[in-house]
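Just so it is clear, the structure is predicted and the values come from calculations on it, not from any experiment.
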Amino acid sequence: MAEPAQATGGTLQDGGPRRPALSPSRASDFKQCPLLYRFRAVDRLPETPSKAQVRGTVVHSVLERLFGLPTAERDQAQARALLQPAWEELLAQQPELGELFDGPEDPELAGWLESANVLLDAYFELEDPRRLEPEACELRVETELDSGVLLRGFIDRVDVAPTGEIRLVDYKTGAAPREIGEAKAMFQMKFYALVLWRTRGEIPRQLLLMYLASKQRLAYTPDETELRRFERTLEAIWGAILRAGKTGDFRPNPSRLCDYCDHKPLCPAFGGTPPPYPGWPEPDPGPESVLDRTD
């Protein structure tokens, strides 16, 4: 394998000003609709997460906690026992999520929690966590490309075999249209593969998507040629973002996904008017939100 381009960073460090960076979520937003990118990364307009999106966040949290337990304790009963604490912790961090239900006695809350348990049960049909020892879960990573583009994101799980091969794992809990959701998920995984290659000098042997709702696994093996091509794609996306950022010319790109967008009333493609452009954000468009960490 050829030597990778020099990279800086690795695990994201706290403290100090943060430069504007490209995450897989924001890159995907710009590809889908430049105006959506502006609303989320520049205007930072509030969005209301759905019950399904919050459920995905809770399930991710449970799986992270599960791998923090001793190997022998990683069973379905423990996963179910971790669900309520994970929900309560998220609710303490973001009390506004409590508005999704009519109080703790709302019968819909019990059904929603049980639907999360169903996804956790499905996970155990896909793999046995007692046979795994991940190197990291919910890993925050950052690297700078030779071109100066700063990449930043989270990886659900990193597995490293005794022989050194790296596998990146991502859990999917949402119900997005498969052809759209799968393309977006693979874009995300290639992003992470590129970051790992540029920080470690090792191309991941496998990218694994685990679809809990359908109990399916999708494995993919990237290669150097593909990742170099993907790197150029990200550089082109970032260049387009910077050009739009100078002028505020973030144009809408209408599609069937517009029906799921919180910002449709502000979109000129549907007769709306965006808020005045606030200018390019400094020093950083902000961390990924609960919406970004789910699917």
Side-chain angles (χ1 to χ4, degrees), residues 2-45 135-158 166 168 170 184-204 207 222 224-250 277-295:
E3 286 296 317
Q6 183 178 1
T8 62
T11 301
L12 182 62
Q13 300 297 318
D14 293 326
R18 284 154 51 94
R19 288 170 47 200
L22 194 62
S23 70
S25 302
R26 295 291 78 87
S28 182
D29 286 344
F30 193 84
K31 276 168 50 68
Q32 176 185 323
C33 174
L35 186 59
L36 175 63
Y37 174 92
R38 182 201 141 171
F39 285 154
R40 285 180 167 170
V42 183
D43 297 286
R44 300 179 66 180
L45 300 180
E135 179 186 271
C137 294
E138 293 295 317
L139 180 67
R140 301 201 306 173
V141 292
E142 178 178 295
T143 193
E144 182 178 347
L145 304 179
D146 277 354
S147 61
V149 180
L150 190 62
L151 306 181
R152 183 180 293 150
F154 290 78
I155 303 175
D156 282 354
R157 199 176 87 209
V158 179
I166 300 172
L168 306 184
D170 195 79
K184 184 176 180 180
M186 194 52 67
F187 179 91
Q188 176 188 49
M189 296 301 282
K190 289 179 183 179
F191 185 105
Y192 296 144
L194 176 61
V195 172
L196 260 291
W197 181 33
R198 292 313 193 192
T199 55
R200 300 191 182 189
E202 180 80 19
I203 294 177
L207 310 179
E224 181 177 333
T225 299
E226 181 178 25
L227 291 184
R228 288 189 184 277
R229 184 168 57 246
F230 187 75
E231 182 177 52
R232 293 193 294 272
T233 296
L234 293 182
E235 290 169 341
I237 291 173
W238 186 243
I241 289 173
L242 291 179
R243 288 192 294 274
K246 290 180 179 179
T247 62
D249 186 16
F250 292 90
Y277 182 58
W280 186 244
E282 293 291 351
D284 186 76
E288 293 184 324
S289 69
V290 64
L291 293 173
D292 303 316
R293 300 296 296 124
T294 54
D295 41 83

TODO: Please identify each residue that fulfils side chain to side chain donor-acceptor pair (under 3.5 Å) with S147, with sequence neighbours left out.
DONE: E235
Open item on the list: Tell me every residue that passes salt bridge (charged side-chain N to carboxylate O under 4.0 Å, His left out) with E135, counting only those two or more places apart in sequence or in another chain.
Closed with: R200
Task: Reported CZ-to-OG1 distance for the pair R198 and T143, which is rounded to 0.5 angstrom - done: 8.5 Å
Open item on the list: Apply side chain to side chain contact (heavy atoms under 4.5 Å, CB included) to residues F191 and M186 and explain how you reach the verdict.
Closed with: CA-CA 8 Å; F191 185 105; M186 194 52 67; over 6 Å; no
TODO: Apply the test side chain to side chain contact (heavy atoms under 4.5 Å, CB included) to residues W280 and L242: give CA-CA distance (whole Å), side-chain angles for both, the deciding distance (0.1 Å), then the verdict.
DONE: CA-CA 9 Å; W280 186 244; L242 291 179; 4.1 Å; yes
Task: Donor-acceptor contact present, side-chain Y277 to main-chain G245, <3.5 Å - done: yes
Open item on the list: Please report the interatomic distance CZ(R26) to CZ(R40), rounded to the nearest 0.5 Å.
Closed with: 6.0 Å
Task: F39/F250 aromatic ring centres below 6.0 Å - done: no
Task: Close side-chain approach of L139 to F154, heavy-atom, < 4.5 Å - done: no
- [ ] Could you check if a side-chain atom of V158 sits within less than 4.5 angstrom of a side-chain atom of L168, using non-hydrogen atoms only?
- [x] yes
- [ ] Output yes when R157 and E138 qualify as a salt bridge under the 4.0 Å nitrogen-oxygen rule, no when they do not.
- [x] no
Open item on the list: Which heavy atom of P24 sits nearest to which heavy atom of G153, and what is that distance?
Closed with: CD-CA, 4.3 Å
Open item on the list: Looking at every non-hydrogen atom in both residues, tell me the closest pair between A27 and L234 and how far apart they are.
Closed with: CB-CD2, 4.4 Å
Open item on the list: Given 3.5 Å as the limit, does a donor-acceptor pair link the side chain of T199 with the main chain of V195, or not?
Closed with: yes
- [ ] Might you work through the side chain to side chain contact (heavy atoms under 4.5 Å, CB included) test for E231 and L145, ending with a clear yes or no?
- [x] CA-CA 8 Å; E231 182 177 52; L145 304 179; 3.1 Å; yes
Task: Trace of the side chain to side chain contact (heavy atoms under 4.5 Å, CB included) decision for L196 with I155 - done: CA-CA 10 Å; L196 260 291; I155 303 175; 3.2 Å; yes
Open item on the list: For a 4.5 angstrom cut-off between non-hydrogen side-chain atoms, does E144 reach L151?
Closed with: no
Open item on the list: Applying side-chain hydrogen bond (donor to acceptor under 3.5 Å, both in side chains) as the test, list every pair that has at least one member in residues 239-248; sequence neighbours left out.
Closed with: none
Task: Side chain to side chain, P278 and V42, heavy atoms closer than 4.5 Å - done: yes
TODO: Measure across A193 and P222 and return the closest heavy-atom pair with its distance rounded to 0.1 Å.
DONE: CB-CG, 4.5 Å
TODO: Starting at CG of L207, measure out to CG of D170 and round the result to the nearest 0.5 Å.
DONE: 10.0 Å
Open item on the list: Can you tell me how far apart CG (L36) and OG (S28) are? Round to the nearest 0.5 Å.
Closed with: 9.0 Å
- [ ] With rounding to the nearest 0.5 Å, note down the distance linking CZ in F187 to OG in S25.
- [x] 10.0 Å
- [ ] Could you check if a side-chain atom of E224 sits within less than 4.5 angstrom of a side-chain atom of I203, using non-hydrogen atoms only?
- [x] yes
Open item on the list: To the closest 0.5 Å, what do you measure between CZ (R38) and CD1 (I241)?
Closed with: 14.0 Å
